[in-house]
Protein chains: 2
Amino acid sequence: MTQTREEKKRQTRKAIIAAAVRLFDLKGFEKTSIEELAKEAGIGKGTIYTYFQTKSEIFYAFCEEQLEFIHEELARKTDPSAPLIEQVMTIFMGEFLHVTRNKEFGRFFMQQVLFPPEGDRNRFAEVDNKWLELLFSIYQKAQQRNELRSDIDLLYLAGHFYALYVVVVSSWYAGRIETEEVAPGMRMLFEQVLEGLAPSPQAISA
Amino acid sequence: MTQTREEKKRQTRKAIIAAAVRLFDLKGFEKTSIEELAKEAGIGKGTIYTYFQTKSEIFYAFCEEQLEFIHEELARKTDPSAPLIEQVMTIFMGEFLHVTRNKEFGRFFMQQVLFPPEGDRNRFAEVDNKWLELLFSIYQKAQQRNELRSDIDLLYLAGHFYALYVVVVSSWYAGRIETEEVAPGMRMLFEQVLEGLAPSPQAISA
DNA sequence: CACAAAAATCGACCGCGGTCGACTTTTTGC
DNA sequence: GCAAAAAGTCGACCGCGGTCGATTTTTGTG
């Protein structure tokens, strides 16, 4: 039966990820060796490479699972009728809290998503798309409510907010801001980008 | 004489960096082994570790040199009387071109600067400060010329522009945009952030 | 059921980054 | 000038990520 083999493979794959979740959480990513991982999953070292090409890929697989869950949760939590800034705060702060729950994971994740190695470009493409869809719908509705300019492409709008999110996370990782400063800092940046950095035209004409 | 020893150490250190520049450029960072590096520098493998604690540190040292040079050049190139957007375009495009001259270097550099490992937090602090000083002076002058709101902290202003720079570089690394799209994309984002993402107040009252 | 093809399993092995302790050179104090 | 201490040099060695080919297990076919 063709079923048996596929089924077993799926189970083994799951076992590896499960082992990874346990050990990465316990000892961290770097300090967990492939051999330990294999042992924990009850297979030989070489067999790991039937399922994942590199150690990073195991981490990616774990991330994908997590992200799918996180994004679903955030989509549920977000109130589509709330003001734009509340919605983006909910989403990005939620993402921040999840991503940085395990500091090492978060760092590696951000590094790989933002500046992926040549081969891994589309690694998170699928998850990213769902993510973008959610944000797009938020921005689009904000445009319709006239909270956002309609002459700016959705992709650019997404870029602006994401950019600020990234620098906030980066500032946290670089130790330039403390955890309590993240939310107020992010909110202030979002407010500022909405209003614009240039003085408002009235102020000039006034 | 105390001089001899220190002098020799300085020379050896330089020799290592010189070897690194040559070999990293030739074969890339990952593909250059410490042993090769040592051989090229004319010393033993273990000796490298008297001068640098990890392979990454050699790269950092190289980066610091480069950055100092780049920032000086950019400071010279920038016309303090030009409109703000021209100045930031000059600076960030200059930075982009230098950072991405060697793709692998640029990736690693961005990853480390934005999301540094726990121990390496202040690795680039010194260079960063000079960098920030240059930008601060630009933003401050723009505030005085009323091109930028004066009620926003310089650090936040810097954050806004830097954030956009980062997402542009990230988009390039992730293959979402081509090299030719970098400059126009960055310019458009800068223009938008200056104007603000929200519709202008007149538009609302109109 | 038989048996060849295909796929999966495995651990010995490789190369690399980094460590360590034995050895050499330089500095210090008298 | 010399002996002890301090600092520098080195390559054998360790552990890890990843490869490979020999072996076992599963699948498709008559």
Side-chain angles (χ1 to χ4, degrees), chain A residues 1-20 23-24 26-63 104-105 108 111-112 117-120 123, chain B residues 1-20 23-24 26-63 104-105 108 111-112 117-120 123:
Chain A
M1 14 168 172
T2 294
Q3 213 53 9
T4 310
R5 194 189 197 115
E6 289 301 313
E7 181 58 26
K8 205 180 157 205
K9 279 202 75 172
R10 232 173 291 124
Q11 279 182 0
T12 303
R13 200 188 142 90
K14 268 197 174 176
I16 295 173
I17 295 186
L23 291 184
F24 287 176
L26 194 65
K27 318 179 47 181
F29 175 69
E30 310 252 10
K31 296 208 167 184
T32 302
S33 73
I34 295 275
E35 218 152 356
E36 286 174 298
L37 214 48
K39 202 170 182 182
E40 178 85 7
I43 57 178
K45 179 182 176 181
T47 308
I48 294 257
Y49 289 88
T50 307
Y51 296 86
F52 301 95
Q53 287 183 16
T54 67
K55 193 183 177 188
S56 302
E57 289 227 349
I58 302 173
F59 172 74
Y60 291 154
F62 166 73
C63 279
E104 194 192 9
F105 275 21
F108 193 61
Q111 286 177 349
Q112 298 307 310
E118 217 64 27
D120 296 6
R123 175 111 328 255
Chain B
M1 15 168 173
T2 296
Q3 211 54 9
T4 310
R5 194 186 198 115
E6 289 300 313
E7 180 57 26
K8 204 182 157 202
K9 279 202 76 172
R10 231 174 292 126
Q11 278 182 1
T12 303
R13 198 189 145 90
K14 268 197 174 176
I16 295 173
I17 295 185
L23 290 184
F24 287 176
L26 193 66
K27 318 179 49 182
F29 175 69
E30 309 253 10
K31 296 209 167 184
T32 301
S33 74
I34 296 276
E35 218 153 355
E36 284 175 301
L37 214 47
K39 202 171 181 181
E40 179 84 7
I43 58 178
K45 179 182 176 182
T47 308
I48 293 258
Y49 289 88
T50 307
Y51 296 87
F52 300 95
Q53 287 183 15
T54 66
K55 193 183 178 188
S56 303
E57 289 227 350
I58 303 173
F59 172 75
Y60 291 154
F62 166 73
C63 278
E104 194 192 9
F105 275 19
F108 192 61
Q111 287 177 349
Q112 297 308 310
E118 217 64 26
D120 295 8
R123 175 115 322 260

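What you see below is based on every heavy atom in this structure, not just the backbone, and it leaves out hydrogens, waters and symmetry mates. Naming convention: chains lettered A, B, ... in sequence-line order (proteins, then strands); numbering from 1 in each chain. As the structure is a prediction and not an experimental result, all values here were calculated from the model.
- As judged by a 4.0 angstrom heavy-atom cut-off over every strand, B:I43 is placed among residues touching the sugar-phosphate backbone only.
- In this structure a side-chain-to-backbone donor-acceptor pair under 3.5 Å is missing from A:E40 to A:L23.
- A:E35 is linked by a salt bridge (Lys or Arg N to Asp or Glu O under 4.0 Å) to nothing, counting only residues two or more places apart in sequence or in another chain.
- Rounded to a whole Å, the NZ atom of A:K9 is 14 Å from the P atom of D:dT26.
- One atom, CD of B:E7, and another, P of C:dT25, lie 20 Å apart when rounded to the nearest Å.
- Distance, B:K39 NZ to D:dT9 C1': 18 Å, rounded to whole Å.
- A:F108 and A:F59 have their aromatic ring centers within a separation under 6.0 angstrom.
- Between the CZ atom of A:F52 and the P atom of C:dA8 there is a distance of 14 Å, given to the nearest Å.
- Not one N or O on the side chain of A:E30 forms a donor-acceptor pair closer than 3.5 Å with the backbone of A:E104.
- Residue contacts shown for A:Y51 are limited to sugar-phosphate atoms, with no base heavy atom under 4.0 Å away.
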For this session: List the protein contact pattern of nucleotides 14-25 of chain D with one symbol per nucleotide (5' to 3'): B for base contact, S for sugar-phosphate-only contact, - for none; contact means a heavy-atom distance under 4.0 Å.
Result: --SBBB------
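- The shortest heavy-atom contact between B:E36 and B:K31 is OE1-O, 3.6 Å.
- Between B:T47 and the phosphate of D:dC10, there is a side-chain N or O to OP1/OP2 separation shorter than 4.0 Å.
- Between B:R10 and B:E7 there is a salt bridge, with a side-chain nitrogen of the basic residue lying less than 4.0 Å from a carboxylate oxygen of the acidic one.
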